[in-house]
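First the structure, in the form of structure tokens, and then the observations on it.
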Amino acid sequence: MRKLLISLVFFASACTFHSTDSTEIGVLTRKIALFGSAGVQQETYPPGATYTFPAFITDWHVFNVALQNLSMVQSKTQGDRAERDDIEFKTHDGNDITVDVTVAWRIDTAKTPYILEHVGGSTGEVKENLVRPTCRSIVRDVLNTMTSEEFYVSDKRFQKAEEAREKLAGFLQPEGVVVERVILGEHHFHPEYEKVIHDKKLAEQTAERMVSEGHAAQQESLRNLETAKGQVSQKIATAQGALDQVKLHADADFFSSQREAEAILAERKAHAKGVEKTNQAMMGAGGRTLVKLRVAEALMGKEIVFLPGGGKAGLQTLNLNELLGRYAAARVEQASSDEKK
């Protein structure tokens with residue numbers, strides 16, 4: 001009994017020092033319970049401190065609780081392993097594809113004792129024993145529901161990455177692992193299929209460019225058509241205005257000519273009426289007297305010679321009244337003709 005007590009005192013007096021870094025959480029395990037309970041202690045030890053525990057009867061584990069990245073990529077120099085490590089699977093339409101996947105995760109501080117009991121004694125063991133196999137399985141199951149074409153659509157890839165994160169979180173959260181983000185990197189199809197997809201995308205881009213150019217040309221034609229319509233409308237309006245001006249001037253000239261013609265006609269009618277009245281007056285006794293007077297005025301100062309004729313007395317008689325009448329009638333007719341001209 002005495003030896004047992006001495007042994008216990010020896011073990012209790014031999015202590016060790018343990019520290020935690022700024023991103024580490026410590027977990028203590030008691031092998032022998034001199035006080036309290038044996039096994040993994042549910043108390044955690046915060047970062048940035050040093051702790052003293054009895055040697056031989058305790059174990060000490062630390063977990064890095066900072067954000068960790070699980071990089072499963074094709075490159076042998078950029079991933080977690082010095083070998084090809086990207087996730088390989090078949091798309092929903094049956095094509096072989098590999099995808100680079102990075103999962104950002106961290107250990108839940110409050111669950112480090114549980115992790116030590118059920119998963120592993122370090123962050124590295126948690127990563128290899130739990131996070132890695134779970135991520136490869138769940139991410140593969142989520143992505144193989146996508147078609148080959150959808151891998152070229154960024155929104156589809158983002159939606160599937162978020163779906164994978166939610167499923168991983170639902171599985172790993174109870175195990176003490178918090179999944180912050182799932183990032184999908186480059187994807188690679190079989191080389192022959194890659195060429196087919198490339199050619200198809202190139203053809204689609206060419207078709208889209210041609211459609212775009214055709215649309216642009218159509219819009220340009222419509223703009224030119226509208227410009228031409230505007231120019232034609234302007235010319236029509238100008239011509240119509242000129243036509244209206246010509247019509248106004250023509251109407252004014254016609255109205256003026258019409259008034260002038262009416263005035264001339266009225267004047268000529270009045271003159272004809274006067275001539276008619278004059279002729280009527282001349283046909284009476286006054287007219288004959290006026291004719292005789294004009295004949296007398298015409299003969300005034302002129303010498304009248306009687307020529308011999310073949311009469312009985314050697315003289316031919318001359319009817320002076322008849323001669324004067326004929327002369328007067330000829331003068332009146334000549335005057336009327338000059339007035340009409």
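Below, all heavy atoms of this structure are taken into account, side chains as well, without hydrogens, waters or symmetry copies.
- Of the possible polar contacts, none joining the Ser212 side chain to the Glu208 backbone as a donor-acceptor pair under 3.5 Å is found.
- Heavy atoms from other residues, nucleotides or ligands lying under 6.0 Å from NZ of Lys156 number 12 at most.
- Counting heavy atoms from C-beta on, the side chains of Gln42 and Glu117 come closer than 4.5 Å.
- Under the 4.5 Å side-chain criterion, counting only non-hydrogen atoms from C-beta, Leu67 is in contact with Glu180.
- By the neighbour-count criterion of 12 heavy atoms within 6.0 Å, atom CD of Glu262 is densely surrounded, having more than that number from other residues, nucleotides or ligands.
- At least one donor-acceptor pair closer than 3.5 Å links the side chain of Gln41 to the backbone N or O of Gly39.
- Across all their heavy atoms, Val126 and Trp105 have their closest contact at CG1-CZ3, 4.2 Å.
- Cluster annotation: Val178 is not connected to Val119 through the hydrophobic network of ILVMFWY side chains, with a link wherever side-chain heavy atoms come within less than 4.5 Å.
- Using a distance-only test at 3.5 Å, with no hydrogens or angles considered, no donor-acceptor pair links the side chain of Gln234 to the main chain of Gln231.
- Side chains of Met72 and Asp80 form no contact here, defined as non-hydrogen atoms less than 4.5 Å apart.
- Between Val177 and Gln173, the closest side-chain pair of non-hydrogen atoms is not below 4.5 Å.
- Residues Val65 and Leu116 share a hydrophobic cluster, clusters being chains of Ile/Leu/Val/Met/Phe/Trp/Tyr side chains in contact below 4.5 Å.
- Counting only residues at least two apart or in different chains, ring pair (Phe, Tyr, Trp, His ring centres under 6.0 Å) contacts with residues 69-104 are absent.
- For the pair Trp60 and Thr20, the minimum side-chain heavy-atom distance is below 4.5 Å.
- Residue Ala164 comes nearest to Val139 through the heavy atom pair CB-CG2, 4.2 Å, listed as atom of the first residue, atom of the second, then distance.
- To the nearest 0.5 Å, atoms CG (Asp100) and CD (Gln74) are separated by 6.5 Å.
- Here Ile115 contributes atom CD1 and Thr109 contributes atom OG1; the two are 9.0 Å apart, rounded to the nearest 0.5 Å.
- Looking at Asn69 and Thr102, their side chains never bring a donor and an acceptor atom within 3.5 Å of each other.
- Classified by interplanar angle (parallel below 30°, tilted 30° to 60°, perpendicular above 60°), the ring pair Phe189/Phe151 is perpendicular.
- Test Leu70, Val103, Asp85 against Arg136 for side chain to side chain contact (heavy atoms under 4.5 Å, CB included) and you get one pass: Asp85.
- The distance from atom CD of Glu24 to atom CD1 of Ile107, rounded to the nearest 0.5 Å, is 10.5 Å.
- A side-chain donor-acceptor contact under 3.5 Å links Thr123 to the backbone of Asn64.
- For the atom pair CD of Glu204 and CZ of Arg209, the computed distance is 14.0 Å after rounding to the nearest 0.5 Å.
- The number of heavy-atom neighbours closer than 6.0 Å to CD of Glu149, taken from other residues, nucleotides and ligands shown, is above 12.
- Under the 4.5 Å side-chain heavy-atom criterion for ILVMFWY residues, no single connected hydrophobic cluster contains both Leu184 and Val73.
- Closest of all the heavy-atom pairs between Arg165 and Val179 is NH1-O, 3.7 Å.
- The closest donor-acceptor contact from the side chain of Ser256 to the backbone of Ala252 lies at 3.5 Å or more, if one exists at all.
- Put simply, the side chain of Cys135 reaches to within 4.5 Å of the side chain of Leu168, judged on heavy atoms.
- Thr98 OG1 to Glu88 CD: the interatomic distance, rounded to the nearest 0.5 Å, is 6.5 Å.
- The main-chain N or O of Met146 is never found under 3.5 Å from a side-chain atom of Glu150 such that the two would form a donor-acceptor pair.
- Asp86 and Arg84 are joined by a salt bridge, as a carboxylate oxygen and a charged side-chain nitrogen come within less than 4.0 angstrom of each other.
- In this structure the side chain of Arg81 reaches within 4.5 angstrom of the side chain of Arg132, judged on heavy atoms.
- When every heavy atom of Thr16 is checked against every heavy atom of Ala55, the shortest pair comes out as CG2-CB, 3.6 Å.
- Side-chain contact annotation: Gln159 with Asp155, donor-acceptor N/O pair under 3.5 Å absent.
- For CD of Glu128, the number of neighbouring non-hydrogen atoms (other residues, nucleotides, ligands) closer than 6.0 Å is greater than 12.
- With rounding to the nearest 0.5 angstrom, the OG atom of Ser71 is 8.5 Å from the CD1 atom of Ile183.
- The heavy-atom pair separating Pro47 from Ser22 by the smallest distance is CB-O, 3.3 Å.
- A distance-only check finds no donor-acceptor pair linking the side chain of Asp59 to the backbone of Thr29 [under 3.5 Å].
- Residues Leu222 and Gln219 form a side-chain contact, since some pair of their non-hydrogen atoms from C-beta on lies under 4.5 Å apart.
- Pairing each heavy atom of Phe56 with each of Lys31, the nearest pair is O-CD, 3.4 Å.
- Between the side chains of Thr145 and Lys160, at least one donor N or O lies within less than 3.5 Å of an accepting N or O.
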Stepwise salt bridge (Lys or Arg N to Asp or Glu O under 4.0 Å) test for Glu226 and Arg223: CA-CA 5 Å; Glu226 292 301 322; Arg223 286 193 295 270; over 6 Å; no

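- Using a 3.5 Å distance cut-off with no hydrogens or angles, the side chains of Asp93 and Thr91 do pair a donor with an acceptor.
- Taking the six-membered ring where the residue is Trp, the centroids of His187 and Tyr152 are separated by under 6.0 Å.
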Worked check of side-chain contact (heavy atoms from CB on, under 4.5 Å) between Glu175 and Tyr114: CA-CA 8 Å; Glu175 302 301 320; Tyr114 175 86; 3.4 Å; yes

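- The main-chain N or O of Pro133 is never found under 3.5 Å from a side-chain atom of Ser137 such that the two would form a donor-acceptor pair.
- Judged by distance alone, with hydrogens and angles left aside, the side-chain atoms of Gln68 form a donor-acceptor pair with the main-chain N or O of Ala66 at under 3.5 Å.
- The side chain to side chain contact (heavy atoms under 4.5 Å, CB included) test with Pro113 singles out one residue from Ile25, Val40, Leu28, and that residue is Val40.
- No side-chain donor-acceptor contact under 3.5 Å links Thr52 to the backbone of Phe17.
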